[in-house]
Amino acid sequence: MKTTYSQLSQHLFIHHGHVNTGILRNGNRAVLIDPSGTTLQTTLDELGITQIEHILYTHHHRDSTAGCPIPENTQIGVPTAEVQWFSEVETFWNDPKYIWHLYNCRPHNLMLANSIQITDTYVEGDQIDWGPAAIQVLETPGHTDGSVTYLIDVDDKRFAFTGDLIYDAGKIWELYSLQKGQQTTDYHGFLGARDELKESLEKVCRASPTALIPTHGTIMNNPDDAIGKLLDQLDYCYDKYVSISALRHYFPKMFTKFEERADHMPIREGKPPPDFLRHFGTTWLIISENRDAFVMDCGSPNIIKQIQQLQADDDISEVTQFWVTHYHDDHVNAIPEFQQEFPCETITDAIVAKVITNPKAYRLPCISPAVTRGDCSTYDGDSWQWNEFTMTAYHFPGQTYYHGGLLVEGHGVRMFFAGDSFTMAGIDDYCSGNRNLLGKDVGYEKCLRLIQELKPTYIFNCHVDQAFDFTDKEINFMLDTLAEKEKCYTELFPWDHANYGTDDQWVRCFPYQQDVNPGEIVSLHVEITNHSNEPRPAIAKPILPSSWGIEIDPIETTIPAKTDGQIQFSIPITSEINKTRRIVIPIDITYHDRPLGQFREAIFVISNSPSIHSEC
C-alpha cells in the first residue's frame, strides 16, 4: 500500500500510513497527532518539517503509538487517564493479573513494548495554543477507558481527531476493544462500552467539527451522518446478539429493556437430569451401574472433596475416566490435584488439549496456569464404550473455539454435554476474546448443526443444575440469527468478513510466552486465520529490542481461503541481556496489502528470572 498524505487546510495535513497521523505545520515546525510507523518521515521530509515540537496521542494502543522515532526535546502529551500505559507500561507486562485468570479485557494487551517519557497530560477542557491553531481536549472514552479527542481550530475550520471511536460512516475498526463489564466483569460485557462510545460520539457532534479524522479509517466530512449511521448499526448488531444470548439466563437484569420481545428467542424451561448424574460447581459426574464414575471438569479443590464424599458414602467406587470440556480456569484450575488424587485416564478434544497441556503458549480469556496431563486426544466422531454408556466426542467451538462436546448414550437417553456453550436462553458468545466465529461450518453454526443432527434428549451446561433442550424451531431461529449477524457485523467493519473485527485472535503468536536462554536461537510462529473467501497474502516481521542490534527480515506467505496459515521465524537471543527479564516482541503485520502496524506480540522470558504465576 503506497503511503501518501492529504492537505485539509493551509496548516493541516494527514499522513496516510497504517494509521492517519495529523500534521499541524507552521513553517518547518509541527505538532503530530498519533504518529506511528516508519513511513511518516517521508511525508515530513516532503513538507520540509525539521522540528517536531509536540506529539499528541489520543489513546495508548500500540498499533497507533509505536514504530515512529521520537526526536529529542519533543513534548509528548497523552490523556491523563492513560499515563500509566505510556510511562509505566512494564507494570502491565509484569503483573500476573494481566496474564492469568483474565476476566477483565481492559486495558487490552495492545500495549507499547516499552515505556516512553511523557511531558504533558490532558483532561477535559484543556487547551493548547500553538502557532495558528488552538487545540481543545475532549475526554471521549469508549475504544479505551481514557481515550481523548483533539479538536483543532485552524484556518477557520474545526477538525476532530477522534482516535478509534469511529472508522467511517457506520463503521468501527474492531469490536473486541469494546468488551467491557457493566453489571459484572468485562468477560460478560459484549459491546459493553457501546454506551460510553455513544456518549463520546455525541459529545464530538455537539462540538460541530468540520471533519472527523480517525486514527484508523477514512476522513469524514459529514460528521453527523457518519456518527448517526454508526450508532444505528451498533444498536442493530447488539439487538441481534441479545436475541439469542445465553447471558439472559444468568443475568436477566442486564436485559430488562429487551423483555417480552416477540422477535427474540424465548427462554426455555429446564428439566431435571437423569438420576445417575451428579452436579457440583462446574462438574458433571456420571455414575454407572457398577458405581464407576466418569467426571467432567474440575475447577476447584471442593470438587475433589465432593467426589471423595461420594466414595465415603459408597455412592461410587472409582473414578475411571475424566473428560475436560474446555480450557477456562473455572473448569481446569484443580485438575493437577484431581489427577494426583484420581489417576484415571484424562480425555479431551485435540484442540482443547493444546491449551490445557501448555497454557503459557496462549493468551486467552479465563486462562489458568494449571498444567493438565493429557492422556487421550479426540477428534470429531471418535467413540468409545464406558461401561454401559457409549461416548462420542466432537470439536465443539461454541463458548470458545477451544472447546469439546460429548454425546453420552445409555439408559434410553441421549445426553449432550456442551460445556458452557448453551443455556436455556441461547448461545454463550458474550466474550469476543473466546473466538466465537461467524459463518458456515464454524463457531455456533457448526455447533447448532451438530445438535440438530444428534437430537439429544438432554443438553447440559456445566454451570446449570437443570438440563434443557431446543426445539427445531428454536435451532432454526438461532441459525437464522447467526446468518444475519454474519451479515450485519461484516457491514460494521472495514473488512470483507465480520470475523476480522470480532476475532481477537485472527493473528496470534505461538507460543505466546516462552522461556529463552541468552545465546540460543528460538522458534516463533505467527499464525493467521484467513476469514476471507479468497487467498490472502500476509507479511510478518518481529520487532526485536533495539539494544540487541539485530533485525529480522519480514517473511511473506499466502494463506488459502478459510484456513489458518503460519509464518515461522528463527530468532537469535542476544547474549547481552540487560536487566529486563520479560521481553515483549511486537509483530508488525501487513495483510492483503493493508499494513496493520505492531498488531500482535509474543513474550520472551529470560531463563533464570523469576517466573510470573499465580495460585490456581
Side-chain angles (χ1 to χ4, degrees), residues 1 174-176 326-327 348-355 357-358 361-364 377-382 393-405 421 429 432-450 453 479 482-483 485-487 489-490 493-512 523-542 554-570 587-596 599-602:
M1 178 178 178
E174 41 88 349
L175 176 143
Y176 37 85
H326 62 293
Y327 76 88
T348 191
D349 173 78
I351 292 175
V352 178
K354 292 179 181 178
V355 182
T357 60
N358 187 18
Y362 295 82
R363 191 187 194 281
L364 294 165
S377 295
T378 63
Y379 298 85
D380 268 352
D382 282 354
Y394 300 91
H395 179 227
F396 201 70
Q399 186 195 38
T400 169
Y401 173 77
Y402 308 95
H403 201 296
S421 292
D429 63 347
S432 58
N434 276 330
R435 306 197 71 194
N436 304 121
L437 305 183
L438 292 165
K440 184 175 174 56
D441 297 327
V442 298
Y444 271 107
E445 205 271 354
K446 175 184 173 75
C447 295
L448 287 166
R449 296 287 184 197
L450 181 63
E453 175 190 338
L479 287 169
L482 286 172
K485 284 179 67 175
E486 183 181 13
K487 178 183 175 182
Y489 281 88
T490 297
F493 308 120
W495 299 90
D496 60 0
H497 196 276
N499 288 337
Y500 292 110
T502 60
D503 178 15
D504 193 10
Q505 298 284 320
W506 75 270
V507 178
R508 56 207 174 271
C509 290
F510 184 86
Y512 179 75
S523 179
L524 178 66
H525 299 85
V526 177
E527 300 178 343
I528 302 172
T529 301
N530 176 5
H531 292 299
S532 302
N533 290 321
E534 298 85 25
R536 290 287 184 258
I539 304 171
K541 175 182 170 64
I555 297 177
E556 182 171 3
T557 191
T558 297
I559 307 169
K562 300 295 183 181
T563 62
D564 289 338
Q566 189 179 92
I567 299 174
Q568 181 175 344
F569 292 95
S570 296
I587 310 296
D588 191 276
I589 298 291
T590 298
Y591 184 75
H592 194 40
D593 298 324
R594 171 183 275 175
L596 302 176
F599 195 59
R600 292 294 179 262
E601 79 285 334

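Just so you know, residue 1 is the first one in the sequence shown, and it goes up from there.
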Is there a donor-acceptor contact under 3.5 Å from the side chain of R435 to the main chain of Y401? no
How many angstroms lie between atom [atom1] of [X] and atom [atom2] of [Y], to the nearest 0.5 angstrom?
| X | Y | atom1 | atom2 | answer |
| --- | --- | --- | --- | --- |
| T400 | D429 | OG1 | CG | 12.0 Å |
| I555 | K541 | CD1 | NZ | 10.0 Å |
| H525 | R508 | NE2 | CZ | 12.5 Å |
| I351 | T378 | CD1 | OG1 | 9.5 Å |

Centroid-centroid distance, H497 to Y489, less than 6.0 Å: no
Is the F599 to W506 ring centre distance short of 6.0 Å? yes
Would you say the side chain of K446 lies within less than 4.5 Å of the side chain of F396, judging by non-hydrogen atoms?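 A side-chain contact is absent here, since even the closest heavy-atom pair is not under 4.5 Å.
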Would you say the side-chain atoms of Y591 and Y500 include a donor-acceptor pair closer than 3.5 Å?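 Y591 vs Y500: donor-acceptor pair found between side chains.
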Side-chain H-bond candidate by donor/acceptor type, T529 with D564, under 3.5 Å: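 A pair is found: one side chain offers a donor N or O, the other an acceptor, under 3.5 Å apart.
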Let me see the working for E601 and Y512 under side-chain contact (heavy atoms from CB on, under 4.5 Å), right down to the final yes or no. CA-CA 8 Å; E601 79 285 334; Y512 179 75; 2.5 Å; yes
Pair Y176-Q505, side-chain contact (heavy atoms from CB on, under 4.5 Å): steps then yes or no: CA-CA 10 Å; Y176 37 85; Q505 298 284 320; over 6 Å; no
Could you tell me whether R363 and D504 have a side-chain N and a carboxylate O separated by less than 4.0 Å?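 D504 and R363: not salt-bridged.
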Residues forming a side chain to side chain contact (heavy atoms under 4.5 Å, CB included) with [X], sequence neighbours excluded:
| X | answer |
| --- | --- |
| A602 | C509, L524 |
| L479 | E445, L448, R449, Q452, I475, N476 |
| N533 | K562 |

